[in-house]
Structure formats: structure tokens, C-alpha cells
Amino acid sequence: FLQTDASVNPGMSGGALVDANGNLVGMLSAIFTRQSDANIGVNFAVSGELLFAVLADFQDDGLVQTRQPGILVRPNDPALADGRIGAQVMRIKAASMEETAGLQTGDIILKAGDRRIKRAGAYETAIALAKAGRELDLVVLRGEELIRITLKPE
């Protein structure tokens, strides 16, 4: 999700979020109102990138297939990773694509596909945007070594 301060009223979920040039940047999804129907300036939208990925998947065969992350991550401590920012693997689900690919607890994911992983939620976004049935390459910091791991379709 992305947060916007665009004026949004209850009932506008599913509407277009556009920039000043009229470009679609997202689809309105939620509004934070604090027990009233008034807009207090905290609104959320699904990103255009995710929206277009879902639509493309749907157009292929009428179905939307998503991957689920098989790991739990948290923000890493850049002081312990030579200043690099990423998501540290805390737990790995048995028989997940991450376990099968060789990801280990303590690994720091720096990149998933073309997406830099700058926060913990960015990994989940990368997995959601990755086309189901296709491989996804990860760049991982393990100790002091950079390695590449390929997640293969389940």
C-alpha cells in the first residue's frame, strides 16, 4: 500500500488515485477516519505497480495467482551489515520455496528481482509482484559474502 494525502471520502474504495498529470498511480483502498466519516488526511491505495501486475495476471487466464512468502523478516541492523540496508531472515517455513532454495536464518536479503529491499515489507511486495510460476533471483548477504539465490516455483 501507499499512503496519500489526497482528499478521499468513505465509499471511494476502488477509485483511481492519479497524480497531477493524470497518470494512474494506484487504486484507493482504505481511509483512516477515527470514528467519523470525515477525511482526516490519512488514506491508503494499492500501488499502480501491484494493480497492473494483478490485471496482467488476470488477463492471461482469468485467474490471479500469487506467491506467499515462506519467511519472516525484520529490518536488519545496517551497522552489522557494512551499512547495507535489507531484510534479515528470522524464520523459514518448512518446505517453502525459500527453504528449498537454501535461504538461511540470519541472511540479509538486499535485492529480490529488480527490487532493492530497503525495509522488511519490501520483500513481501517483491514476492507479490513476482509472476507465479517464474523464478525470482535474490541477492543475499550471508556473513560477509554476497550470494545469489534463485527461488523456483512451487
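Note that the coordinates shown come from a computational prediction; the quantities given were computed from them, not determined experimentally.
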Counting only N and O atoms by type, is there a donor-acceptor contact under 3.5 Å from the side chain of [X] to the main-chain atoms of [Y]?
X     : Y     : value
Glu98 : Gly70 : yes
Asp77 : Ala79 : yes
Ser29 : Ala45 : no

Point to revise | ILVMFWY network linking Leu24 to Met27, side-chain heavy atoms under 4.5 angstrom | key: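 Linked, Leu24 and Met27 end up in one cluster.
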Check your understanding: Same cluster or not: are Val73 and Met97 linked, directly or through other Ile, Leu, Val, Met, Phe, Trp or Tyr residues, by side-chain heavy atoms under 4.5 angstrom apart?
Key ->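 Both belong to a single hydrophobic cluster.
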Review point. Which pairs, with at least one residue in residues 112-130 and sequence neighbours excluded, count as a salt bridge (Lys or Arg N to Asp or Glu O under 4.0 Å)?
Key: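 Applying salt bridge (Lys or Arg N to Asp or Glu O under 4.0 Å) to every pair that reaches into residues 112-130, excluding sequence neighbours, yields Glu49-Arg115.
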Point to revise | By salt bridge (Lys or Arg N to Asp or Glu O under 4.0 Å) - contacts of Arg84 (at least two apart) | key: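 Per chain and number, Arg84 pairs via salt bridge (Lys or Arg N to Asp or Glu O under 4.0 Å) with no residue.
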Check your understanding: Can you list the residues that meet the salt bridge (Lys or Arg N to Asp or Glu O under 4.0 Å) rule with Asp19, with sequence neighbours excluded?
Key ->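 Checked Asp19 against salt bridge (Lys or Arg N to Asp or Glu O under 4.0 Å); zero matches.
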Which residues pass the side-chain contact (heavy atoms from CB on, under 4.5 Å) test with [X], not counting sequence neighbours?
X      : result
Thr105 : Ile92
Ala56  : none
Leu50  : Val46, Ser47, Val54, Ala128, Leu129

Point to revise | Modelled atom types, side-chain donor and acceptor of Thr150 and Asp137, under 3.5 Å | key: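 Note: Thr150 and Asp137 side chains meet the donor-acceptor criterion.
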Check your understanding: How many angstroms lie between CD1 in Ile147 and CG in Leu103, if you round to the nearest 0.5 Å?
Key ->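 Separation between the atoms: 7.5 Å.
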**Study point:** Nearest atoms (heavy-atom pairs only) where Ala120 meets Ala87
**Key:**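 Closest pair (atom of Ala120, atom of Ala87, distance): CA-CB, 4.0 Å.
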Review point. What closest approach, in Å, do Lys93 and Ser96 show between heavy atoms, and which atom pair accounts for it?
Key: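 Shortest heavy-atom separation between Lys93 and Ser96 comes out as O-OG, 2.8 Å.
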Review point. Do the side chains of Ser13 and Leu28 get nearer than 4.5 Å, heavy atoms only?
Key: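 Not touching, per the 4.5 Å side-chain cut-off.
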